[in-house]
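First comes the structure, then the notes that go with it.
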Amino acid sequence: MNIGYACLALGVPGSEMKSCTRKNATEERLLSLIGHNLDALNTMIEYNIRSGIRLFRISSDLVPFGSSLAAELPWRTMYGDVLATIGCKIRNAGMRASMHPGQYTVLNSPEGSVAQRAVEDLEYHAKVLHFLGLGTEHKIVLHLGGAYGDKRQAMKRFISRYTELRPEVRDRLVLENDHRLFGIGDVLKTASKVGIPVVYDNLHHAVNPTEESCTDLDWIKRCGETWTINGGPQKVHYSQQHTQKKPGAHSDSIQVDGFLAFCQQLPDRELDIMLEVKDKNLSALKCLNCISRRGISSLEAEWARYKYSILERSPHNYDAIRGLLREKDTYPAVEMYRLIEMSLSVPPTTGNAVNAAQHVWGYFKDRVSEAEKARFQRAVHKFWLGETDLRSVKSTLLTLARKYQEEYLLTGYYLYL
DNA sequence: TGACGTCAAGATCCG
DNA sequence: CGGATCTTGACGTCA
């Protein structure tokens, strides 16, 4: 079973994507952005391989305005080497990549120009995967589109537009249920008419269920039948409801117990699970560490990345986790992540937050300029007085960590959580 | 016409 | 001036 995350990685220096607005989008600028983003993608792929993550969604913004302004630019030739390198790494690692145009790519729109732009957008996505040298098991996930007051008609229009797509696009396209209009029943009905594989999204289903009273497992089995041999293993999307926000909003992190319960009822066959969650790779690593025994050193590495975030919220749990990891012949993954989740669910007290920030400050306090020192102290002081929030203290520290290349802090989670 | 979702760019504010 | 923080942009549908 592969578990993956979408588009960007936290705590991976050099993986940041860039973009620009339409009015600043000269050819020159676009080409340089594409070069930068390909390097960033390469960095993320290398991180994934290092971390044992073998499922990854490539951001649609890899090529800014890829289906319009940049569509005719020679980025394939200019960046042929990086493209080949990235593709090789993905294939050699047995990693599966995917892409997912957003809610604004609407193939079934009654408006011809909207549908045409959707076609161009899908062609752009297929081009990225093709230029990377990836086979058709590396999919493009799409929603059915709009309803326009007549769902059946809208589903029919999707099918007719789908059949007109170029084979390069059609062979990669898979359909996902959405959280508002087309439930998994609608999607299966539509997809089965033309043989499109279906991605089941559990949270979309929870928010927008299909009439029939089926469990996640039932739907996953039914979707499984749509995945043929050359399409690769079945894919599902898994996410959890954010406890504060409106129904359908993704949680900040995947709760390990909910995830394990979901996994336990899965069919006994190959399945790729794409997590949709704010903390991205952090949850992917967590889930991987919890479903397979990856050695205590893997947990120690995780602890090193989490520890200041725990220190600022729960010094008690900080000690408890250190205690857990002291037993070298155990593998207390689930216990450790439960303690981490428990800690992260409460906001830091002012005193603990300042204490943790001072610990982190210790990494470069001897090297910084007087001005930087003053800036940090002022930020802490204002936070102490309640005049600003912790984010400003952390962003000051992040700026310093970048400037002084403090790898340990840049690859830890404290500055990003 | 604004909400929806998501990210970084761009604009502005501040010491 | 440089860095922190806020607002805007990009996209289409629907209330």
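Letters go in sequence order (proteins before strands), and every chain restarts at 1. Values below: every heavy atom of this structure, side chains too, minus hydrogens, waters and symmetry copies.
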Any salt bridge between A:K307 and A:E302, counting N to O under 4.0 Å? no
Between A:F259 and A:S283, is there a side-chain heavy-atom distance shorter than 4.5 Å? no
Side chain of A:K280 (C-beta onward), nearest among C:dT5, B:dC7, B:dA9: B:dC7
If the plane angle is over 60° it's perpendicular, under 30° parallel, otherwise tilted; pick one for A:Y408 and A:Y363. parallel
Rounded to whole angstrom units, what separation is found between the CZ atom of A:R378 and the P atom of C:dA4? 10 Å
Using a heavy-atom cut-off of 4.0 Å across all strands, would you classify A:R402 as base, sugar-phosphate, or nothing? nothing
Side-chain N or O of A:T396 versus OP1/OP2 of C:dA4: is the shortest distance under 4.0 Å? yes
Any salt bridge linking A:E312 with A:K394? Criterion: basic side-chain nitrogen under 4.0 Å from a carboxylate oxygen. yes
Going 5' to 3' through nucleotides 7-15 of chain C and flagging B where a protein heavy-atom sits under 4.0 Å of the base, S where only the sugar-phosphate is that close, and - otherwise, we get ---SBBSS-
Figure out the NE2/P separation between A:H250 and B:dC7, and round it to whole Å. 11 Å
For A:N24 and B:dG10, is the shortest distance between a side-chain N/O and OP1 or OP2 below 4.0 Å? yes
Quick one: A:Q377 CD to C:dG3 P, roughly how many Å, whole number? 18 Å
Quick check on the 6.0 Å ring-centre criterion: do A:Y318 and A:W303 meet it? yes
Walking DNA chain B from its 5' end, the first of A:L33 and A:P247 to be reached, judged by nearest nucleotide, is A:P247
Assign A:H143 to base, sugar-phosphate, or nothing according to its heavy-atom contacts below 4.0 angstrom with the strands shown. nothing
Report, as yes or no, whether the 6.0 Å neighbourhood of atom CZ on A:R391 holds more than 12 heavy atoms from other residues, nucleotides or ligands. no
B:dC7 C1' sits how many Å from A:L41 CG, rounded? 17 Å
Could you tell me how far apart A:R391 (CZ) and C:dT5 (P) are, to the nearest whole angstrom? 8 Å
Could you tell me the separation between the CG atom of A:L400 and the P atom of C:dG2, rounded to a whole number of Å? 16 Å
Between A:H143 and A:H204, does the ring centroid distance fall short of 6.0 Å? yes
Rounded off to whole Å, could you give me the CE-to-P distance for the A:M17 and B:dC7 pair? 12 Å
Rounded to whole Å, please give me the gap between CD in A:E387 and P in C:dT5. 13 Å
